[in-house]
Enquirer: 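One structure, pasted below without further comment.
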Amino acid sequence: MNKRLRRKQEAENGKVLQQVSALPYRVLKDGSVQILLITTRETRRFTLPKGWLMKGKSPQKAAAIEAKQEAGVKGKIKPGPVGNYFYWKRDPSCFLPVRVTVYPLKAQTILSRWKERGQRLRKWLRPSEAALLVDEPQLVSLLRSFDGAYNTRRTKRSSMRDRLEGIDSEFSGEQGIVGARAENA
């Protein structure tokens with residue numbers, strides 16, 4: 001039985017399917033954060049790069065692979081998720097319930113060529129802007145919480161900042177995030 005048919009049968013039996021996602025981000029020289037959104041292939045809605053779990057790969061490794069294939073971004077992925085969201089995946093004959101676990105990915109290389117370049121658009125946005133473009137309410141909340149994760153004026157640290165603790169220092173180079181260079185895939 002192929003994977004697609006098996007997933008459909010599992011969903012029909014009440015199982016919520018599981019995907020993983022990368023949340024590619026960069027911190028600019030001024031300390032502001034940007035998130036990379038991509039469009040879906042069929043409906044052209046904005047979302048994060050995501051996909052199914054991969055045999056023999058950890059969830060975060062699978063998310064990093066999806067980020068490279070779908071968004072053309074490589075970087076360091078954190079082992080712990082920053083959250084989850086739920087959506088309904090379109091199938092030719094039905095909608096499948098899917099829970100997506102999201103892992104932050106510090107963008108280090110932005111590719112000029114990547115596997116799905118001709119099928120998707122990508123856009124770097126502030127988290128508050130990104131939250132306006134996605135459809136899933138839980139993803140909207142996740143993106144909005146990311147907006148405050150780097151606000152150094154806050155005295156009380158957000159839970160997102162706690163989960164990302166330690167990565168600010170990784171961006172202290174002269175170019176902000178960067179090291180982002182065009183590279184052939």
Side-chain angles (χ1 to χ4, degrees), residues 1-25 33-73 75 77-107 116 119-150 158-165 167:
M1 175 182 313
N2 71 33
K3 291 179 185 180
R4 186 174 170 198
L5 183 57
R6 181 180 45 81
R7 285 187 200 112
K8 184 177 175 183
Q9 286 180 344
E10 288 173 352
E12 287 173 350
N13 290 327
K15 181 177 180 183
V16 175
L17 305 176
Q18 179 66 45
Q19 286 188 322
V20 292
S21 173
L23 193 158
Y25 70 95
V33 176
Q34 289 185 326
I35 291 173
L36 183 64
L37 291 184
I38 60 168
T39 56
T40 61
R41 288 187 286 194
E42 293 181 21
T43 63
R44 308 302 276 180
R45 292 175 302 106
F46 276 101
T47 191
L48 295 173
K50 65 182 174 300
W52 303 106
L53 294 167
M54 299 175 187
K55 187 174 183 178
K57 306 276 187 233
S58 68
Q60 59 271 26
K61 178 65 177 171
I65 290 169
E66 294 294 341
K68 180 182 177 192
Q69 291 178 349
E70 294 184 356
V73 65
I77 196 150
K78 294 290 281 183
V82 292
N84 300 284
Y85 70 94
F86 178 88
Y87 82 106
W88 291 95
K89 181 167 183 58
R90 296 171 195 266
D91 185 78
S93 62
C94 64
F95 287 88
L96 305 173
V98 180
R99 180 178 181 258
V100 182
T101 303
V102 181
Y103 296 88
L105 180 130
K106 178 188 91 169
E116 297 183 15
Q119 302 171 34
R120 301 176 186 274
L121 300 174
R122 65 181 179 184
K123 180 107 176 127
W124 286 102
L125 300 158
R126 291 189 320 253
S128 59
E129 295 169 328
L132 294 172
L133 295 178
V134 299
D135 290 338
E136 298 81 9
Q138 294 167 328
L139 181 54
V140 169
S141 296
L142 183 67
L143 294 173
R144 285 188 179 148
S145 70
F146 205 88
D147 207 12
Y150 286 88
S158 69
S159 60
M160 177 70 74
R161 184 172 177 94
D162 290 342
R163 286 178 266 173
L164 297 174
E165 188 173 10
I167 61 176

Enquirer: Could you report the tightest heavy-atom contact between N84 and Q138, atom names first, then the distance?
Expert: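 Distance-wise, the nearest heavy atoms are O-CB, 4.1 Å.
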
Enquirer: Tell me whether Q9 contacts the main-chain N or O of R6 through its side chain, where contact means a donor paired with an acceptor under 3.5 Å.
Expert: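 Side chain of Q9 to backbone of R6: no pair is present.
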
Enquirer: Is there a donor in the side chain of Y87 and an acceptor in the side chain of Q19, or the other way round, less than 3.5 Å apart?
Expert: yes

Enquirer: Does the side chain of L23 come within less than 4.5 Å of L105's, by heavy atoms?
Expert: no

Enquirer: Checking T40 side chain against R45 main chain: does a donor-acceptor pair fall under 3.5 Å?
Expert: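 Yes.
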
Enquirer: In Å and rounded to the nearest 0.5 Å, what is the CG to CZ distance from L139 to F46?
Expert: 13.0 Å

Enquirer: Taking atom CG of L132 and atom CZ of R126, what is their separation to the nearest 0.5 Å?
Expert: 9.5 Å

Enquirer: Write out all pairs satisfying side chain to side chain donor-acceptor pair (under 3.5 Å) with one or both partners inside residues 50-66, taking only residues at least two apart or from two chains.
Expert: T47-K50

Enquirer: If you define the side chain from C-beta out and look only at heavy atoms, does anything of V98 sit under 4.5 Å from V16?
Expert: no

Enquirer: Does any part of the side chain of L143, heavy atoms only, come nearer than 4.5 Å to the side chain of V134, both counted from C-beta?
Expert: yes

Enquirer: Is there a side-chain contact between F95 and K89 (heavy atoms, below 4.5 Å)?
Expert: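 F95 vs K89: side chains apart.
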
Enquirer: If every non-hydrogen atom of I77 is compared with every non-hydrogen atom of A64, which pair is closest and at what distance?
Expert: CD1-N, 3.9 Å

Enquirer: What pairs with R90 under side-chain hydrogen bond (donor to acceptor under 3.5 Å, both in side chains), at least two apart in sequence or on another chain?
Expert: none

Enquirer: Where the side chain of Q34 meets the backbone of L125, is there a donor-acceptor pair that is under 3.5 Å apart?
Expert: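 Not confirmed, Q34 side chain does not pair with L125 backbone.
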
Enquirer: W88 vs F86 aromatic rings, parallel, tilted or perpendicular, using cut-offs 30° and 60°?
Expert: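 It falls in the perpendicular class, over 60°.
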
Enquirer: Ignoring hydrogens and geometry, is there a side-chain-to-backbone donor-acceptor pair from R120 to T39 under 3.5 Å?
Expert: yes

Enquirer: Is there side-chain contact between I65 and M54, with at least one heavy-atom pair below 4.5 Å?
Expert: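 Heavy-atom side-chain distance check passes, below 4.5 Å.
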
Enquirer: What residues, two or more places apart in sequence or in another chain, satisfy salt bridge (Lys or Arg N to Asp or Glu O under 4.0 Å) together with K123?
Expert: none

Enquirer: Looking at side-chain heavy atoms only, is the closest gap between V102 and L48 below 4.5 Å?
Expert: yes

Enquirer: Quick one: CD on E116 to CD on E70, what's the gap to the nearest 0.5 Å?
Expert: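 Between atom CD of E116 and atom CD of E70 there are 5.0 Å.
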
Enquirer: Counting N and O atoms only, with roles assigned by atom type, does the side chain of S21 sit under 3.5 Å from a partner on the main chain of P49, one being a donor and the other an acceptor?
Expert: yes

Enquirer: For residues Y103 and V20, determine if any side-chain heavy atom of one lies less than 4.5 Å from a side-chain heavy atom of the other.
Expert: yes

Enquirer: Return the minimal non-hydrogen interatomic distance between G80 and P104, and the atom names on each side.
Expert: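 Looks like O-CD, 3.6 Å.
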
